[in-house]
Amino acid sequence: MRLLFLGKQGCGKGTQAKIVAEKLGICHISTGDILRNTNGSLKKEVDNYMNKGSLIPDKLMLKIIKKRIYEQDCKKGFILDGFPRNLKQAKALDKITRIDHAVDIDIPDTESMRRLSGRLNCRKCGALFNLATNPPKIMGKCDVCGSILYQRADDKPKAIKKRLEVYYKETAPIINHYKAIKVNGTREINKVANKILEIIKC
Ligand code: AMP
């Protein structure tokens, strides 16, 4: 099964993609995570776009995604989280694969700002925390592996504002392109996950 999770920053795409991918035994592909793990000569260029809240050029993104979806672990299917980010990427994706269901996890802008500004990440194991909704047991430390937590540079207020602007201009039109089904992303994590599973009939 090939799924696409859409929604503005902080809507819970990553959290939901993890839950649903595990449940269905398919692969979770987060382009944001792939980019954050970029090494070598591309790292400086990628960080420069990301830290400002701008999109990485389509050409590079398409190269990354074309390679990733054909890897062995994607054979049973995948959930795309963070791709496509604009209509050009969507049309390029349509040429190489068929998407079975697209889900739009909907939250208001105020909730997006609130969630992103409290978000903390573990660099080592990838666990996500939120000062407002899911704080770590020990301040600044990961509950799972004990590593130090950090705030993404693009979760700082100026970059959040820019990312929301980019979302409305570039990404929101994709919702119509895929006739994505809307899910209320302000509900509890498990309720949102169940609703998504119901939509895709699993
Ligand atoms: P995310 O973790 O999905 O919020 O993505 C973080 C940042 O990575 C974005 O603000 C962009 O700078 C970059 N990024 C992730 N996915 C894409 C994409 N499909 N196209 C362009 N830039 C992307």
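Atoms within each ligand, like the ligands themselves, are counted from 1 in listed order. Remember, predicted model here, so these are calculated numbers, not experimental data.
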Distance-only check: which donor-acceptor pairs under 3.5 Å involve side-chain atoms of residues 42-51, not counting sequence neighbours?
residue : atom : partner : partner atom : Å
Lys43   : NZ   : Asp47   : OD2          : 3.1
Asn51   : ND2  : Asp47   : O            : 3.3

Is it true that Asp33 and His28 share a donor-acceptor pair across their side chains at a distance under 3.5 Å?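 Judged by distance alone, the side chains do not pair up.
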Do Asn86 and Asp58 get their side chains close enough for a donor-acceptor pair, meaning under 3.5 Å?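 The answer is yes; a qualifying pair exists.
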Sub-4.0 Å heavy-atom environment of ligand 1, residues by chain: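 Near ligand 1, by chain and number: Thr31, Gly32, Leu35, Arg36, Met50, Ser54, Leu55, Ile56, Met61, Gly82, Phe83, Arg85, Gln89, Arg152, Asp154, Arg163.
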Compile the donor-acceptor pairs under 3.5 Å between side chains in residues 155-162 and protein atoms, sequence neighbours left out, one pair per line.
residue : atom : partner : partner atom : Å
Asp155  : OD1  : Arg119  : NH2          : 3.3
Asp155  : OD1  : Arg163  : NH1          : 2.8
Asp155  : OD2  : Arg119  : NE           : 2.9
Asp155  : OD2  : Arg119  : NH2          : 3.4

Residue pairs involving residues 183-195 (criterion salt bridge (Lys or Arg N to Asp or Glu O under 4.0 Å); sequence neighbours excluded): Glu188-Lys191, Lys195-Glu198
For the CD1 atom of Ile105 and the CG atom of Leu6, what is their distance to the nearest 0.5 Å?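 Here the interatomic distance stands at 8.5 Å.
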